[in-house]
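Structure record follows, encoded as structure tokens.
The chains referred to below are lettered A, B, ... by the order of the sequence lines, with proteins before strands, and numbering in each begins at 1. All values below were derived from every heavy atom in this structure, side-chain atoms included, with hydrogens, water molecules and symmetry-related copies excluded.
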There are 2 protein chains.
Amino acid sequence: MASAPRKSKRNEIVLCFTELVAERGYDEVSVRDVAEALAISKGTVLHHFGSKEAILEQINNDYMRRRLAEARDYLPALDDPVDELQAFICQLMLSQQDDRAATVAFSREIVRSASEPLMAEVRQLRDEFSAVLVGILERGVKSGAFADVDPRLTSLQIFGMTNWAWTWFKPGGRRSAEEIANQFSRTVIGGLAPGATREGAEAERLATMVGAAMRAHRPGDI
Amino acid sequence: MASAPRKSKRNEIVLCFTELVAERGYDEVSVRDVAEALAISKGTVLHHFGSKEAILEQINNDYMRRRLAEARDYLPALDDPVDELQAFICQLMLSQQDDRAATVAFSREIVRSASEPLMAEVRQLRDEFSAVLVGILERGVKSGAFADVDPRLTSLQIFGMTNWAWTWFKPGGRRSAEEIANQFSRTVIGGLAPGATREGAEAERLATMVGAAMRAHRPGDI
DNA sequence: ATAGACTAACCGTCCGGACGGTCAGTTTGG
DNA sequence: CCAAACTGACCGTCCGGACGGTTAGTCTAT
């Protein structure tokens, strides 16, 4: 046959591995599985990448590069931090829908990219992408569009609510990614609006109550 | 010696396995690792639990039972949905700090409890706990304390921002869990306050821009 | 009181199987 | 003709689990 390989074999391997990792997780996918799914030999897969981990590295690098490229496409056309934030949240949710496999694979194996020495480039890209959101928040705080919150902590809050979506979001379900993004944006943007904060004393009282409840049910007590 | 075994061996196994799974993940921890850490034999571990998966099930069940017991402790003393919500967010963050190992183990292996047939009880407990938050939000919406949002979707937003914290929160770091909970609460409660929503047309314009940027960087294009 | 019966905890060994990775050799395309 | 692509057999390792045997403690019948 040898008919036109529309994509390079290397790329086919990445795409296939991405889907399998998204389904089952890195540890539950063997190099053999990838080879069988593509009807090639295990040796071929290891020929293109030196190791199993190198394929995951490629997945993560590709994923972060796409997100960064997208952000650099749409952000320059915006100037209002509020618009920028809404677009950013929209991007995060759309990737859950339109780049599903890579998003799930990246999210569920995020701890591997956070520690493995081989994954230094991914960490660098993650830092850059994270800095985009922090930058939006910083400018919003400075301009007075947002309340005086900690931009770094708020960015973790926003990444959290969207990244966690890999555990429950189903593309093609009742709600589209765009609808979810709009609901999330509404809450976040409303919450960042300058305005009254609740009293600290009330927060402390509640925290004390919750802390007491937790001390009553320690792990290990059975 | 044979001096008083303060905790049953079964419980020791659960606690040890919890810590190892929190550190490395379920697949990267072997029954042998647990046995060696406790200086007992592998056979003993398998004698107490029938299988490796059964230990994870115990971890997950214990974890969810603690969270439910806590919520049922502190909630009856509150009546304002805003207070309840703040306390709930505080509980979620405090568990990241004070029940760290179990929280991390539970979060990082959540997909396993979501699908495995053996984990039906965990799913049941999860649904109950989730219903607690949805209930708070529903009552808040009904009473007018919160804007007319979808309680289910909002609960996923809140669980997301706190559950994701397992990937970045470090107990003993610059910020305590309570401080983080307060910041998160401020944003969420402010965002749920009844008030003006942004125009839908603006949201649609932004989504279109982001969508275009995403289409320009498809996965597989390299 | 105590011999014998019974039980639960525990140990050490073994096994089939799957894993990631290596390599010598073959095929193929330019 | 040669480099790159590819193959399939193979290695050493480790895993979850099964199993038979040992010990220590408790119960029971006389």
Those residues of residues 51-60 of chain A lying under 4.0 Å from DNA chain C by at least one heavy atom: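 Per residue number, the list reads Ser51(A), Lys52(A).
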
Sugar-phosphate, base or nothing in reach of Val29(A), heavy atoms under 4.0 Å: sugar-phosphate

For the pair made of [atom1] in [X] and [atom2] in [N], what is the distance, rounded to whole Å?
{"X": "Tyr26(A)", "N": "dA18(C)", "atom1": "OH", "atom2": "P", "result": "19 Å"}
{"X": "Leu38(B)", "N": "dC11(C)", "atom1": "CG", "atom2": "C1'", "result": "15 Å"}
{"X": "Leu46(B)", "N": "dC15(C)", "atom1": "CG", "atom2": "P", "result": "18 Å"}
{"X": "Arg32(A)", "N": "dG17(C)", "atom1": "CZ", "atom2": "C1'", "result": "10 Å"}

Test item: Ile158(B) and Leu85(B) side chains (from C-beta on) under 4.5 Å apart, heavy atoms: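 Ile158(B) reaches Leu85(B) side chain to side chain.
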
Beyond-backbone contact of Phe169(A) with Trp164(A), side-chain heavy atoms, under 4.5 angstrom: no

Short question: side chain of [X], backbone of [Y] - any donor-acceptor pair under 3.5 Å?
{"X": "Arg100(B)", "Y": "Lys170(B)", "value": "no"}
{"X": "Gln96(A)", "Y": "Ala177(A)", "value": "no"}
{"X": "Glu179(A)", "Y": "Ser176(A)", "value": "yes"}

Contact pattern, 5' to 3', of nucleotides 3-13 of chain D - B, S or - by protein heavy atom under 4.0 Å: --BBBB-----

Of Glu28(A) and Gly50(A), the one whose closest DNA chain C nucleotide lies more 5':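 It is Glu28(A) whose nearest nucleotide is closer to the 5' end.
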
